[in-house]
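Below: the structure, in structure tokens.
Quantities reported herein were computed from a predicted structural model and do not represent experimental measurements. For reference, positions follow the sequence shown, starting with 1.
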Amino acid sequence: VVLESGEAFFDVAHDPARPFYVLTSLGRVRVVGTRFAVYRRPHSLEVSTEQGLVRVSSAGLPESAATLAVRPGESAVIEAPDLPPRLQPADLKRIENWRHQRLEFDTVPLAELLEEFSRYTHVPLRAANEEIGALRVSGVFHIGDVAALSTALQATFGLTIRSSGNYELVADLGGRRHDVSDESRH
């Protein structure tokens with residue numbers, strides 16, 4: 001399987017004679033039976049193992065020199081094809097939520113929430129400015145439910161989501177109204 005972007009979850013039957021591969025521009029994943037997720041972000045690759053063992057290697061390095069064994073509860077992260085993968089704890093709760101069409105955020109900057117939320121909308125969501133993007137947000141949302149997100153942002157921060165060209169911008173409704181006309185071109 002070639003994964004150019006986005007996220008995929010695999011449940012691969014154990015068969016050492018027929019290994020399963022996932023290829024990206026940053027790295028390779030080899031399994032012979034496991035449950036795992038592959039998340040290809042714009043500037044990184046994350047492979048998280050739920051069950052079994054996954055071998056992850058960087059695309060720009062010889063497989064023998066840069067292969068990392070990833071066990072249940074662990075993630076391998078590759079940030080460039082010529083860097084070896086690094087090991088970190090897997091966020092299995094995030095993956096489980098994603099598999100059940102939920103996004104959960106715990107005190108993350110609003111800009112980060114909007115970027116993740118935009119993966120599931122037709123029109124990207126952006127903060128109108130850095131001040132709004134820096135607001136810390138927590139919540140659980142159904143994937144793609146812009147109406148619920150809008151209601152939560154209105155109730156919590158007095159923000160609204162409105163159209164502005166090719167983007168839906170989160171803008172301030174309160175006494176500090178922001179002119180977003182120039183920001184929509186970024």
Side-chain angles (χ1 to χ4, degrees), residues 1-125 136-149 152:
V1 172
V2 175
L3 184 65
E4 293 179 7
S5 65
E7 190 165 13
F9 185 85
F10 302 95
D11 188 347
V12 179
H14 184 75
D15 185 354
R18 294 179 38 187
F20 180 81
Y21 293 92
V22 179
L23 306 174
T24 76
S25 61
L26 289 177
R28 302 171 292 269
V29 180
R30 180 185 187 274
V31 299
V32 294
T34 187
R35 291 171 52 90
F36 68 103
V38 179
Y39 187 1
R40 178 62 172 97
R41 293 184 166 113
H43 303 289
S44 68
L45 170 66
E46 183 175 342
V47 180
S48 302
T49 304
E50 183 179 284
Q51 180 182 39
L53 182 71
V54 175
R55 298 199 183 282
V56 178
S57 57
S58 297
L61 298 174
E63 205 166 332
S64 59
T67 298
L68 188 63
V70 185
R71 291 170 173 70
E74 296 178 337
S75 286
V77 176
I78 300 174
E79 294 173 334
D82 59 343
L83 294 176
R86 63 179 167 76
L87 206 56
Q88 67 182 32
D91 188 351
L92 296 178
K93 183 178 178 184
R94 184 200 67 77
I95 295 166
E96 184 68 17
N97 276 325
W98 169 75
R99 290 179 56 212
H100 287 94
Q101 303 293 304
R102 294 184 305 260
L103 298 173
E104 182 173 348
F105 303 96
D106 186 18
T107 61
V108 300
L110 179 57
E112 184 179 317
L113 178 148
L114 296 174
E115 182 178 335
E116 180 67 13
F117 212 89
S118 290
R119 291 178 54 205
Y120 308 100
T121 61
H122 296 292
V123 179
L125 299 166
R136 302 302 258 181
V137 181
S138 295
V140 178
F141 300 95
H142 184 68
I143 285 179
D145 191 349
V146 177
L149 176 63

Report task. Enumerate the residue pairs fulfilling ring-ring contact (aromatic ring centres under 6.0 Å, His included) with a member in residues 23-72, sequence neighbours excluded, ordered by first and then second residue. Result -> Phe10-Phe36

Query - Over all atoms of both residues, closest heavy-atom pair of Ala148 and Phe141 - result: O-CE2, 4.2 Å

Requested in this report: Rounded to the nearest 0.5 Å, what's the gap from CG on Leu23 to CD on Glu4? Could you check?
Outcome: 11.0 Å

Query raised in the report: Looking at residues at least two apart in the chain, or sitting in another chain, which of them share a side-chain contact (heavy atoms from CB on, under 4.5 Å) with Asn97?
Result: Lys93, Arg102, Glu104

Query - Worked verdict on Phe20 versus Asp15 for side-chain contact (heavy atoms from CB on, under 4.5 Å) - result: CA-CA 9 Å; Phe20 180 81; Asp15 185 354; over 6 Å; no

Would you tabulate the side-chain donor-acceptor contacts of residues 76-91 under 3.5 Å, counting partners in other chains and residues two or more places apart, or write 'none'?
unit_1	atom_1	unit_2	atom_2	d
Glu79	OE2	Arg86	NH2	2.8
Arg86	NH1	Gln88	OE1	2.8
Asp91	OD1	Arg94	N	3.1

Report task. With sequence neighbours left out, write down each residue that passes side-chain contact (heavy atoms from CB on, under 4.5 Å) with Ser57, or none if nothing qualifies. Result -> Arg28, Glu63, Thr67

Query - side-chain hydrogen bond (donor to acceptor under 3.5 Å, both in side chains) partners of Thr121, counting only residues at least two apart - result: none

Query raised in the report: Counting distance only, does the side-chain N/O of Ser118 pair as donor-acceptor with the main-chain N or O of Leu125 below 3.5 Å?
Result: yes

Requested in this report: Would you please name every residue forming a side-chain contact (heavy atoms from CB on, under 4.5 Å) with Arg99, sequence neighbours left out?
Outcome: Phe9, Arg35, Glu50, Ile95, Glu96

**Report entry** Where at least one partner belongs to residues 80-112, residue pairs that pass ring-ring contact (aromatic ring centres under 6.0 Å, His included), sequence neighbours excluded
**Finding:** none

Requested in this report: Supply the atom-to-atom distance Leu26 CG to Ser58 OG, rounded to the nearest 0.5 angstrom.
Outcome: 8.0 Å

Requested in this report: Among residues two or more places apart or on two chains, list those pairs meeting side chain to side chain donor-acceptor pair (under 3.5 Å) that have a residue in residues 137-146.
Outcome: none

**Report entry** salt bridge (Lys or Arg N to Asp or Glu O under 4.0 Å) contacts in which one or both residues fall within residues 110-122, not counting sequence neighbours
**Finding:** Glu7-Arg119, Glu116-Arg119

Requested in this report: Provide the closest heavy-atom pair for Thr24 versus Leu3 in the form atom of the first, atom of the second, distance.
Outcome: CG2-O, 3.4 Å

Requested in this report: Run through Leu149, Thr107, Asp106, Leu110 and flag the one making a side chain to side chain contact (heavy atoms under 4.5 Å, CB included) with Val137.
Outcome: Leu110

Query - Counterpart residues, side-chain hydrogen bond (donor to acceptor under 3.5 Å, both in side chains), relative to Arg41 (two or more places apart) - result: Glu46

Query raised in the report: Got Pro109 and Arg136 here, is their nearest side-chain heavy-atom distance under 4.5 Å?
Result: yes

Query - All side-chain contact (heavy atoms from CB on, under 4.5 Å) counterparts of Ala69, not counting sequence neighbours - result: Leu53, Arg55, Arg71

